[in-house]
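Data block below; observations after.
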Amino acid sequence: MNEPSVERPILLLRETAARIAPVRGTPVDEVLAGATDSFFAAESPLGTVYVAVGQEGVRYLDPADSEEDFARRYRRRFGRFVSPAQGDEVAGLAEKVASALAGERVDVPLDLSRATPFQRRVLHVVKGIARGEVRPYVWVAREAGTPGASRAVGNVMANNPVPLLVPCHRVVRNDGSTGSYAFGSGEKVRLLRGEGVEPEEISGSPYVATPTTGIVCHATCRNARRIQPYNRRAFRSVRSAVEAGYRPCKVCRPVAAA
DNA sequence: AGGGTGACAGCGT
DNA sequence: TACGCTGCCACCC
């Protein structure tokens, strides 16, 4: 605690805690302990990101410019302090996060306790979108149990506390265009390419069917990818495919209703 | 034909 | 409250 080489975020933190303590009538150390979360840095496709840890797991991930910048943003968003993790307090979690950000399929515990029920449902759905695949906002809305809420889903994505870990960059528009991204639409396209999704394969015809089965899929559905080129029928919408006699795939569940 | 555009419904915050 | 990483349709060339 009394290291001579006090880092700047910690110094700021102590100063603030020292201001708060007398107001609350609480010892400084207690204020510090009760209002401070830990963070660590990790490498990701977005570059260096900082990762804050809550009670249940990762609470916040941000490709901030610096540790100071990250701490500021965290404080503004959660109303709590954050300082670099000491010793090995988050070592296990940091390892999982590093693996996940490297593209491995590891389950990273998340702390979404600050999210609304709707946000939690949406984030949970999006977490399940596999690498190499994309799904439209309207699909996420339907899967989350609120079929009309595709725009509200966009709002949740815009405020995703844990980008990359909850892969909001895999949520695209229903017309096959990639849509916006909190860190820029170009970054979204780059991320998707890095995962094997070429924007061209969905643009204009995000749905694909085959007469051999009579089924229509999202173009990036693992089953759609197996369709032989000469059996491949491209569609701009599920509706047009259904009108042509195809029924929705039971694996990727394209939204059939108007 | 099919890509672009504008209006507006619709949802949660 | 008004707003937004949308969807859908009408309408344009």
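In what follows, chains carry the letters A, B, and so on, assigned in the order in which the sequence lines appear, proteins first and then strands, with residues in each chain numbered from 1. All values reported here derive from a predicted model rather than from experimental measurement.
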Open item on the list: For A:Tyr181 and A:His169, take the angle between the two ring planes, folded into 0 to 90°, and tell me which bin it lands in: parallel under 30, tilted 30 to 60, perpendicular over 60.
Closed with: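 It falls in the perpendicular class, over 60°.
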Starting from [atom2] on [N], measure out to [atom1] on [X] and report it in whole angstrom.
| X | N | atom1 | atom2 | value |
| --- | --- | --- | --- | --- |
| A:Phe235 | B:dG2 | CZ | P | 12 Å |
| A:Asp175 | C:dG7 | CG | P | 7 Å |
| A:Glu143 | C:dT6 | CD | P | 19 Å |
| A:Arg135 | C:dC5 | CZ | P | 23 Å |
| A:Lys188 | C:dT6 | NZ | C1' | 11 Å |
| A:Asn155 | C:dG7 | CG | C1' | 14 Å |
| A:Leu123 | C:dC5 | CG | C1' | 13 Å |
| A:Asn159 | C:dG4 | CG | C1' | 10 Å |

From C-beta outward on [X], which listed nucleotide comes closest to its side chain: [options]?
| X | options | answer |
| --- | --- | --- |
| A:Pro136 | C:dC5, B:dG12, C:dG7 | C:dG7 |
| A:Gln119 | C:dC5, C:dG7, B:dT13 | B:dT13 |
| A:Thr146 | B:dG12, C:dC5, C:dG4 | B:dG12 |
| A:Arg236 | B:dG2, C:dG7, C:dC5 | B:dG2 |
| A:Ala149 | B:dC11, C:dG7, B:dT13 | B:dC11 |

Could you tell me whether the phosphate oxygens of [N], OP1 or OP2, come under 4.0 Å of any side-chain nitrogen or oxygen in [X]?
| X | N | value |
| --- | --- | --- |
| A:Arg239 | C:dC8 | no |
| A:Asn174 | C:dC8 | yes |
| A:Thr116 | B:dT13 | yes |
| A:Arg151 | B:dG10 | no |

- [ ] Mind checking A:Ala152 for me? I need base, sugar-phosphate or nothing, with any heavy atom below 4.0 Å counting as a touch.
- [x]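 Base, at least one base heavy atom under 4.0 Å.
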Open item on the list: By the 4.0 Å heavy-atom rule, please label A:Tyr137 as base, sugar-phosphate, or nothing.
Closed with: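 Base: the residue A:Tyr137, judged by heavy atoms under 4.0 Å, touches a nucleobase.
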- [ ] Between A:Gly154 and A:Val255, just flag the one whose closest nucleotide in DNA chain C comes earlier from the 5' side.
- [x]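 Of the two residues, A:Gly154 wins.
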Open item on the list: Measuring centre to centre across the rings, with the benzene-like ring taken for any Trp, is A:Phe81 within less than 6.0 Å of A:Tyr74?
Closed with: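 No, ring centres 6.0 Å or more apart.
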- [ ] Carefully, step by step, assess A:Asp175 and A:Arg236 under the rule salt bridge (Lys or Arg N to Asp or Glu O under 4.0 Å).
- [x] CA-CA 7 Å; A:Asp175 66 358; A:Arg236 310 170 66 77; over 6 Å; no
Task: Who pairs with B:dG10 - Watson-Crick or G-U, where each distance is under 3.5 Å - done: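 The answer is none; no pair meets the criterion.
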Open item on the list: Pairing check on B:dG3: which nucleotide meets the Watson-Crick or G-U wobble criteria with it, both distances under 3.5 Å?
Closed with: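 Because both required distances fall under 3.5 Å, B:dG3 counts as paired with C:dC12.
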Task: Residues A:Arg170, A:Glu133; criterion salt bridge (Lys or Arg N to Asp or Glu O under 4.0 Å); working and verdict - done: CA-CA 7 Å; A:Arg170 295 178 193 152; A:Glu133 301 192 19; over 6 Å; no
Task: Residues A:Lys127, A:Asp107: salt bridge by 4.0 Å N-O rule - done: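 Counted as a salt bridge, because a side-chain N and a carboxylate O are separated by less than 4.0 Å.
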- [ ] Run the salt-bridge test on A:Glu200 and A:Arg193 with the 4.0 Å N-O cut-off and return the result as yes or no.
- [x]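 Yes, charged N to carboxylate O under 4.0 Å.
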